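Scroll down for the structure; my scribbles are underneath it.
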Amino acid sequence: MRIFLDTANVGEIREAAKLGFLDGVTTNPTLISKEKRKFDDVIREICEVCPGPVSAECITEKFDDLMPEARRLAKLAPNVVVKIPLTREGLKAVKACAQEGVKTNVTLCFSANQALFAAKAGATFVSPFIGRLDDAGHEGMQVIRDIVQIYRNYAFATEVLVASIRHPLHVLEAAKIGAHVSTMPFGVFDKLISHPLTEKGVAQFLQDYGKIPR
Ligand code: E4P
């Protein structure tokens, strides 16, 4: 499973990228607004720090507006993936982008049927928001199971990008199901590495090493 960071904070991305296996970044207008910088500047800098796919979200809604916006965003850097909301107009734009070779991440997906349509439109990625589904009293992870099964049934090329991840168990479940990608806040990314027993074990081994005669 590929690991993406869900943030627009370049400091966090640099930190995660130091590990050498950060696979990509997802952003959205809410995340970019927290940075108090120009949208395009943030996307360009993220694309330099992380060579993997970097999602930049469209803010227009109609097909005729989405297409020029998608083309403009795609030109910001070679690794930009254009994020388009899962609406009727959005799906039309996804189809047109696929025909033009513009990579897309279909966002705000909340059902397996929506994901089926995203795949039929030729989306590069689909982003089901599992945390927001959980918040609304549904089982977000069941939607991931359904989408992965449907995509396997019909050999769709669209990749399942598990989004709105809130905690490490979400990542574990997504990996067990076989989702292609998980995108997560830096806090969750960090928690995946740390374990109190690892820290305790390292300290103990260090202490005992000191007792070995030289
Ligand atoms: C994904 O691409 C979105 O940016 C993100 O995962 C949304 O997460 P949230 O529900 O925590 O805002």
Side-chain angles (χ1 to χ4, degrees), residues 1-10 12-13 16 22-35 37 39 42-43 45-47 49-50 52-61 66 69-70 73-74 76-77 79-87 90-91 93-94 97 102-112 114-115 118-119 121 123-144 147-148 158-175 177 179-192:
M1 186 172 67
R2 280 183 285 159
I3 300 289
F4 287 11
L5 221 52
D6 191 34
T7 182
N9 185 284
V10 178
E12 290 181 347
I13 296 163
L22 178 67
D23 296 306
V25 174
T26 51
T27 70
N28 62 42
T30 306
L31 293 170
I32 294 185
S33 72
K34 291 181 189 163
E35 301 307 307
R37 297 173 57 198
F39 187 99
V42 174
I43 296 294
E45 191 175 353
I46 293 173
C47 287
V49 175
C50 176
V54 173
S55 291
E57 188 153 347
C58 290
I59 45 96
T60 55
E61 294 176 70
L66 279 166
E69 188 180 16
L73 291 175
L76 289 178
N79 49 333
V80 163
V81 173
V82 178
K83 226 173 170 188
I84 299 180
L86 209 157
T87 59
L91 288 176
V94 171
C97 282
V102 172
K103 290 188 175 162
T104 53
N105 173 0
V106 178
T107 190
L108 291 165
C109 172
F110 293 96
S111 80
Q114 285 183 312
T124 314
F125 298 99
V126 67
S127 288
F129 277 32
I130 58 167
R132 292 192 195 186
L133 278 166
D134 288 355
D135 292 346
H138 299 283
E139 195 198 340
M141 207 50 77
Q142 187 54 46
V143 174
I144 303 301
I147 299 170
V148 168
T158 303
E159 296 197 67
V160 182
L161 197 168
V162 182
S164 188
I165 280 178
R166 303 268 196 261
H167 49 72
L169 267 182
H170 276 153
V171 183
L172 178 68
E173 283 301 314
I177 293 165
H180 303 89
V181 188
S182 279
T183 190
M184 65 204 73
F186 185 80
V188 175
F189 178 90
D190 209 33
K191 279 183 191 156
L192 296 182

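Sequential numbering from 1 along the given sequence is applied to the chain's residues. Just so we're clear, the structure is a prediction, and the values are computed from it rather than from any experiment. First listed ligand is number 1; within each ligand, the first listed atom is number 1.
- When each of V171, V162, T7, D6 is tested with M184 by the rule side-chain contact (heavy atoms from CB on, under 4.5 Å), just one qualifies, namely V171.
- Protein heavy atom nearest atom 8 (O) of ligand 1, with residue, atom name and distance: S164 CA, 3.4 Å.
- Considering S182, C50, P53 as possible partners of F4, the one that fulfils the side-chain contact (heavy atoms from CB on, under 4.5 Å) test is P53.
- Among all non-hydrogen protein atoms, the one lying nearest atom 7 (C) of ligand 1 is F129 CE2, 3.6 Å.
- Summary of contacts: the protein heavy atom closest to atom 4 (O) of ligand 1 is N28 ND2, 2.7 Å.
- In this structure, T107 has no heavy atom closer than 4.0 Å to ligand 1.
- Looking only at heavy atoms of the protein, atom 2 (O) of ligand 1 is closest to K83 NZ, 2.6 Å.
- The CG atom of L31 sits 9.5 Å away from the CD atom of E12 when rounded to the nearest 0.5 Å.
- The N/O atoms of D6, backbone and side chain alike, include one that comes under 3.5 Å of an N/O atom in ligand 1.
- Each of the following atoms of ligand 1 lies closer than 4.0 Å to a heavy atom of T26: 2 (O).
- Taking a cut-off of under 4.0 Å to the non-hydrogen atoms of A163, the atoms of ligand 1 that pass are 1 (C), 6 (O).
- Side-chain contact check for I130 versus H170: some heavy-atom pair is nearer than 4.5 Å.
- Contact annotation: the side chain of T26 approaches that of L161 to within less than 4.5 Å [non-hydrogen atoms, C-beta and beyond].
- Summarising the local packing, CD of Q142 is surrounded by more than 12 heavy atoms from other residues, nucleotides or ligands at distances under 6.0 Å.
- For atom 11 (O) of ligand 1, the closest heavy atom belonging to the protein is R166 NH1, 2.7 Å.
- Annotation: side chain of I165 is not in contact with side chain of T183 (no heavy-atom distance under 4.5 Å).
- Of the protein's non-hydrogen atoms, the one nearest atom 12 (O) of ligand 1 is R132 NH2, 2.8 Å.
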